[in-house]
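Here is the structure we will look at.
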Amino acid sequence: MSAVPTDLDPAGRGAFEPGGMALHRQLFLVLRDQIVRGAFSPGSALPTEAALGVQYGVSRITVRRALQDLSDEGYVERRHGVGTFVLQQHGTPASAPLTVMDGLRKVQLETIVDVLAVEVRRPAHAVRVGLGLTEVETDALFVLRVRRDKVDGEPLMVSEAWLPERFASSVTARVLRRKPLYQVLSEAGVLMGRVAQEITAELADPLRAQLLDLAIGAPLLRINRFVFDQDQTPVQLHSLYLSPQRSRILMDIPAEHLDTVSTGLMAHDLPRPDKVGRGSKLATR
């Protein structure tokens, strides 16, 4: 958001940055994050429209639309001729679920599910390795679902799961319309053990953009879960795709578990695009 947009239409829609998200929506996300984190306390005033425009390098119309979105979603109150004031927020990180299972139950209570696919297919190599499949185990069970808000039906997340083929008789579309996957696995005799999780980000491809009602290339949060049973046998590779416009990831780590290695390790092992590019040029010489 470094340049003032010049192609605003009469409705005030801003230019689109690479990735397909309007400037006013980008500013909305930045300001919402600051409010949620407590950078602006309840009752305090946000900077003026002019000040925000200068700070973020966007037009006043873009700022106005971002503030209106904040008002529509209950983060601020706009007082004509006076300013924009932060409202008391609820659902702060202190209310985050304490366990993965608590989080799964919370999602189940707050959403409805569309089961789009439950089928045996040949997985990619990374999935085969993650599930610990042998050379003779060529197929795995794939489950694709969309979870929607119970109140307004808005799509909140795309859920993609891979499981060993032996669960195909238990995990069916009919059952998943009535029960969450973790419950179906439990009823199939799986005793849940360790869950390893990573959080990353990517751009929405055409399918996920359609399922989440977003523009192609919009930013997505991606949560990868590697689920093991109590014998440390992989039972599920699960990826969740969420829009940062609608969702946050909350973590509540007790003081006695503040061990960086076990509760959250930052990895910087992905190649940077410029490094990849230079590497490919050298390779062709």
Side-chain angles (χ1 to χ4, degrees), residues 1-96 110 148-149 151-157 199-204 208-209 212-223 241-252 264 266:
M1 292 186 292
S2 58
V4 176
T6 57
D7 55 346
L8 293 168
D9 65 21
R13 287 184 288 269
F16 280 76
E17 294 287 290
M21 184 182 292
L23 288 172
H24 80 271
R25 199 61 184 177
Q26 295 181 51
L27 179 57
F28 161 82
L29 293 174
V30 170
L31 294 175
R32 185 188 70 172
D33 181 66
Q34 292 176 350
I35 292 172
V36 170
R37 288 189 292 104
F40 298 104
S41 59
S44 66
L46 293 183
T48 65
E49 292 180 0
L52 287 171
V54 171
Q55 181 179 356
Y56 292 101
V58 296
S59 74
R60 196 158 180 172
I61 297 177
T62 297
V63 173
R64 195 168 297 138
R65 288 209 67 198
L67 294 178
Q68 187 59 51
D69 286 352
L70 287 171
S71 176
D72 291 344
E73 297 195 17
Y75 291 96
V76 300
E77 178 186 8
R78 306 197 70 194
R79 302 175 190 170
H80 183 69
V82 179
T84 302
F85 296 85
V86 176
L87 296 175
Q88 177 69 45
Q89 298 304 306
H90 304 283
T92 59
S95 64
E110 295 178 347
R148 301 177 179 276
D149 188 280
V151 177
D152 58 18
E154 184 177 18
L156 297 178
M157 70 177 75
I199 302 171
T200 183
E202 61 183 63
L203 302 181
R208 296 179 188 121
L212 289 171
D213 194 20
L214 299 170
I216 295 174
L220 295 178
L221 297 169
R222 176 173 176 171
I223 304 174
Y241 300 86
L242 311 92
S243 167
Q245 299 181 47
R246 304 166 183 163
S247 305
R248 295 178 292 144
I249 298 173
L250 306 179
M251 300 180 69
D252 192 343
M266 295 184 184

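Using a distance-only test at 3.5 Å, with no hydrogens or angles considered, a donor-acceptor pair links the side chain of Thr48 to the main chain of Ala51. Of the possible donor and acceptor atoms, one in the side chain of Arg246 sits under 3.5 Å from a partner among the backbone N and O of Pro155.
Residues Leu156 and Ser247 share a closest heavy-atom pair of O-OG, 4.0 Å. Considering every non-hydrogen atom in both Ala45 and Phe85, the closest pair reads CB-CE2, 3.6 Å. Of all non-hydrogen atoms in Arg64 and Arg78, the two that sit nearest each other are O-NH1, 3.7 Å. Listed here is the closest heavy atom pair of His24 and Asp69: CD2-OD2, 3.3 Å. For the pair Pro244 and Pro219, the tightest heavy-atom approach, listed with the atom from each and the gap, is CD-O, 3.1 Å. Ser41 approaches Val86 most closely through the heavy-atom pair O-CB, 3.6 Å.
Rounding to the nearest 0.5 Å places CG of Leu67 at 13.0 Å from CD of Glu77. Distance check: Tyr75 OH to Ile35 CD1 gives 8.0 Å after rounding to the nearest 0.5 Å. Rounding to the nearest 0.5 angstrom, the gap separating the OG atom in Ser71 from the CZ atom in Arg79 is 11.5 Å. In this structure, the separation between CD on Glu154 and OG on Ser243 is 8.5 Å, given to the nearest 0.5 Å. Note that the CG atom of Leu70 and the CG atom of Leu46 stand 7.0 Å from one another [nearest 0.5 Å]. Going from atom CG of Leu242 over to atom CG of Leu212 covers 7.5 Å, rounded to the nearest 0.5 Å.
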Assess whether side-chain contact (heavy atoms from CB on, under 4.5 Å) is satisfied between Glu73 and Phe28, documenting all intermediate values.
CA-CA 11 Å; Glu73 297 195 17; Phe28 161 82; 3.5 Å; yes

Would Val76 and Leu31 satisfy side-chain contact (heavy atoms from CB on, under 4.5 Å), going step by step from the backbone distance to the final call?
CA-CA 10 Å; Val76 300; Leu31 294 175; over 6 Å; no

Criterion side-chain contact (heavy atoms from CB on, under 4.5 Å) on Gln55 and Leu52, from CA distance to verdict:
CA-CA 5 Å; Gln55 181 179 356; Leu52 287 171; 4.0 Å; yes

I would like to know whether Leu214 and Leu220 meet side-chain contact (heavy atoms from CB on, under 4.5 Å); could you show each step before the answer?
CA-CA 10 Å; Leu214 299 170; Leu220 295 178; 3.6 Å; yes

